Amino acid sequence: MCGTSLTVFGITAMEEGLYRHFLRNPDTAPDDIHLRLHVEQDQTHEAVTRLSELGVLRRTERGTIAPADPEVAVDRLTEVRMAELYRQLQEVTRSRTVIADLRAEQGARTLPPQGVERMENVAEIRDRIDDLAFFAREEILSVEPYAALTPANIEHARPLDRRCLQRGVRVRNVVLKEALTDPLTVRYLLELTAQGALIRVADDISERILVYDRRTALVPVDPADTSRGALVAQEEGLVANILALFEKIWNEATDLGALVDGDVTGDGEGGLSEIEQQVLESMCKVGKDEIGARDLGISVRTYRRHVADLLKILDATSRPHAALLARERGWI
């Protein structure tokens with residue numbers, strides 16, 4: 001097996017081997033798989049059952065096993081793993097409260113949590129972020145689903161961002177496409193790229209991630225409600241999983257320059273982004289979304305999201321209608 005292991009997503013090496021086998025040999029019967037993998041039959045049965053529950057494998061009407069498309073499989077495994085990760089972070093944080101009880105019995109000062117720290121005060125969280133950025137020496141990674149930056153946000157961030165970039169710290173940032181509708185935000189993002197920051201844009205992200213020097217990660221306690229506080233993690237395994245999620249989001253995002261250079265500001269006027277143009281051409285030629293997504297190297301979910309955006313941009317009622325309007329405008 002070559003390439004990156006899927007075990008980072010919480011599946012075993014044997015389960016990964018099983019999935020890879022079905023990728024190479026789709027629609028094969030599962031009866032003798034254990035012989036090929038040199039394991040017990042009940043082990044392969046359990047693995048097939050678990051991977052089916054995860055949506056990575058499925059049983060066909062003929063009784064054979066078919067694998068999910070790799071993009072779909074990784075999407076599903078990532079969602080499950082991130083849910084587990086957030087639960088683990090919260091469990092670890094809650095479990096540290098027993099130390100407070102024990103220290104109270106001893107009459108000593110309670111020590112701070114080791115590996116994971118929960119912060120609830122907004123001002124303290126901002127100060128911690130500033131400190132982590134100030135002392136970063138190698139790399140800062142971030143996913144920030146804001147719709148726009150306020151002048152106050154920019155005024156606060158500019159000196160820290162500039163200092164990091166001038167020190168040679170590598171900065172990679174993923175922002176929400178909606179943010180490109182705000183001229184002030186776009187100007188600041190371009191300012192950062194001119195200083196060396198690498199910025200990409202995602203159509204739809206809800207994750208909030210900050211990672212400093214690949215050693216310290218900061219995520220919200222509740223992604224749906226950031227007012228509940230943040231978790232600062234330094235435990236190696238947890239940070240590794242957060243890094244894996246960041247890289248997945250990064251790889252699926254579009255370079256800021258490709259969108260801004262095309263004069264795309266998020267409202268569909270003045271042209272299409274590179275990926276939107278590719279999806280437009282694909283949906284006019286390819287019948288199935290799965291084939292189009294595979295040809296472009298993106299997930300089916302992302303492909304369909306782009307199709308939906310294109311229908312809105314063209315004010316089309318259907319895909320054939322969109323193709324007709326696109327031809328009339330000279331886009332294809």
Side-chain angles (χ1 to χ4, degrees), residues 4 71 74-75 78-79 82 129 133 136 138-149 153-154 157-158 160-162 164-165 168-214 217-220 223 241-268 270-280 282 293 296-310 313:
T4 304
E71 290 282 351
V74 171
D75 275 348
T78 299
E79 291 174 3
M82 279 307 299
I129 291 173
E138 300 171 5
E139 185 178 50
I140 298 176
L141 310 176
S142 62
V143 177
E144 301 175 279
Y146 54 74
L149 291 171
N153 293 149
I154 294 174
R158 179 177 277 120
L160 281 171
D161 290 338
R162 181 181 297 139
C164 289
L165 291 166
V169 176
R170 188 184 188 208
V171 173
R172 285 195 287 160
N173 179 216
V174 182
V175 301
L176 191 62
K177 186 176 181 181
E178 184 181 348
L180 300 190
T181 63
D182 179 66
L184 182 65
T185 300
V186 172
R187 284 197 294 271
Y188 184 61
L189 294 177
L190 290 174
E191 177 185 325
L192 292 179
T193 59
Q195 296 174 36
L198 302 175
I199 299 177
R200 291 188 179 182
V201 180
D203 291 330
D204 182 19
I205 48 174
S206 58
E207 296 86 355
R208 295 176 184 270
I209 298 172
L210 288 169
V211 184
Y212 300 89
D213 290 338
R214 294 185 167 264
L218 190 145
V219 297
N241 278 281
I242 294 172
L243 282 169
L245 175 62
F246 172 84
E247 295 295 349
K248 180 181 180 300
I249 295 172
W250 176 263
N251 290 334
E252 292 187 351
T254 303
D255 185 75
L256 174 66
L259 297 177
V260 175
D261 288 346
D263 196 28
V264 175
T265 58
D267 58 7
L272 301 176
S273 70
E274 181 180 356
I275 186 63
E276 286 172 337
Q277 183 66 40
Q278 292 172 347
V279 171
L280 175 61
S282 174
L296 296 179
I298 60 178
S299 69
V300 176
R301 183 176 61 183
T302 300
Y303 183 90
R304 288 172 176 164
R305 190 162 58 236
H306 283 305
V307 170
D309 289 343
L310 287 166
I313 291 171

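Everything quoted here is computed from the prediction, not taken from an experiment.
Between Leu192 and Val171, every side-chain heavy-atom pair lies at or beyond the 4.5 Å cut-off. Taking the side chain as every heavy atom from C-beta outward, Arg208 and Pro145 approach each other to under 4.5 Å.
The distance from the CG atom of Leu176 to the CG atom of Asp204 is 7.0 Å, given to the nearest 0.5 Å. With rounding to the nearest 0.5 angstrom, the CZ atom of Arg305 is 8.5 Å from the CD1 atom of Ile298. The OG1 atom of Thr254 sits 5.5 Å away from atom NE2 of His306, with the distance rounded to the nearest 0.5 Å. To the nearest 0.5 Å, atom CD1 of residue Ile249 and atom CD1 of residue Ile209 are 4.5 Å apart. Rounding to the nearest 0.5 Å places CZ of Arg200 at 13.5 Å from OG1 of Thr193. Within the model, atoms CG of Leu189 and CG of Leu256 stand 6.0 Å from one another, a figure rounded to the nearest 0.5 Å.
Evaluation of the side chain to side chain donor-acceptor pair (under 3.5 Å) rule for Ser282 yields Tyr303 as partners, not counting sequence neighbours. Applying the salt bridge (charged side-chain N to carboxylate O under 4.0 Å, His left out) rule to Glu252 yields the partners Lys248; only residues at least two apart in sequence or on another chain are considered. Residues passing the side-chain contact (heavy atoms from CB on, under 4.5 Å) test with Ala202 are Val174, Ile205, Ala253, sequence neighbours excluded. In this view, Tyr212 satisfies the side chain to side chain donor-acceptor pair (under 3.5 Å) rule with no residue, not counting sequence neighbours. With sequence neighbours excluded, the residues that form a side chain to side chain donor-acceptor pair (under 3.5 Å) with Arg214 are Glu139, Glu247. Residues forming a side-chain contact (heavy atoms from CB on, under 4.5 Å) with Val300 (at least two apart in sequence, or on another chain): Val72, Asp289, Glu290, Ala293, Arg304. For Asp255, the salt bridge (charged side-chain N to carboxylate O under 4.0 Å, His left out) test picks out no residue, with sequence neighbours left out. With sequence neighbours excluded, the residues satisfying side-chain contact (heavy atoms from CB on, under 4.5 Å) with Ser142 are Glu144, Asn173, Leu210. By the side chain to side chain donor-acceptor pair (under 3.5 Å) test, Asn153 is found to be paired with Thr150, residues two or more places apart in sequence or in another chain being considered.
Legend: side-chain hydrogen bond (donor to acceptor under 3.5 Å, both in side chains) pairs involving residues 183-192, not counting sequence neighbours, sorted by first then second residue: Arg158-Glu191, Asp161-Tyr188, Asp182-Thr185.
For Leu165 against Gln195, the heavy-atom pair with the smallest separation is CD1-CB, 3.8 Å. Here the shortest heavy-atom pairing between Ala136 and Asp213 reads CA-OD2, 3.5 Å.
Between Trp250 and the options Leu141, Leu198, Leu245, a side chain to side chain contact (heavy atoms under 4.5 Å, CB included) holds for only Leu198.
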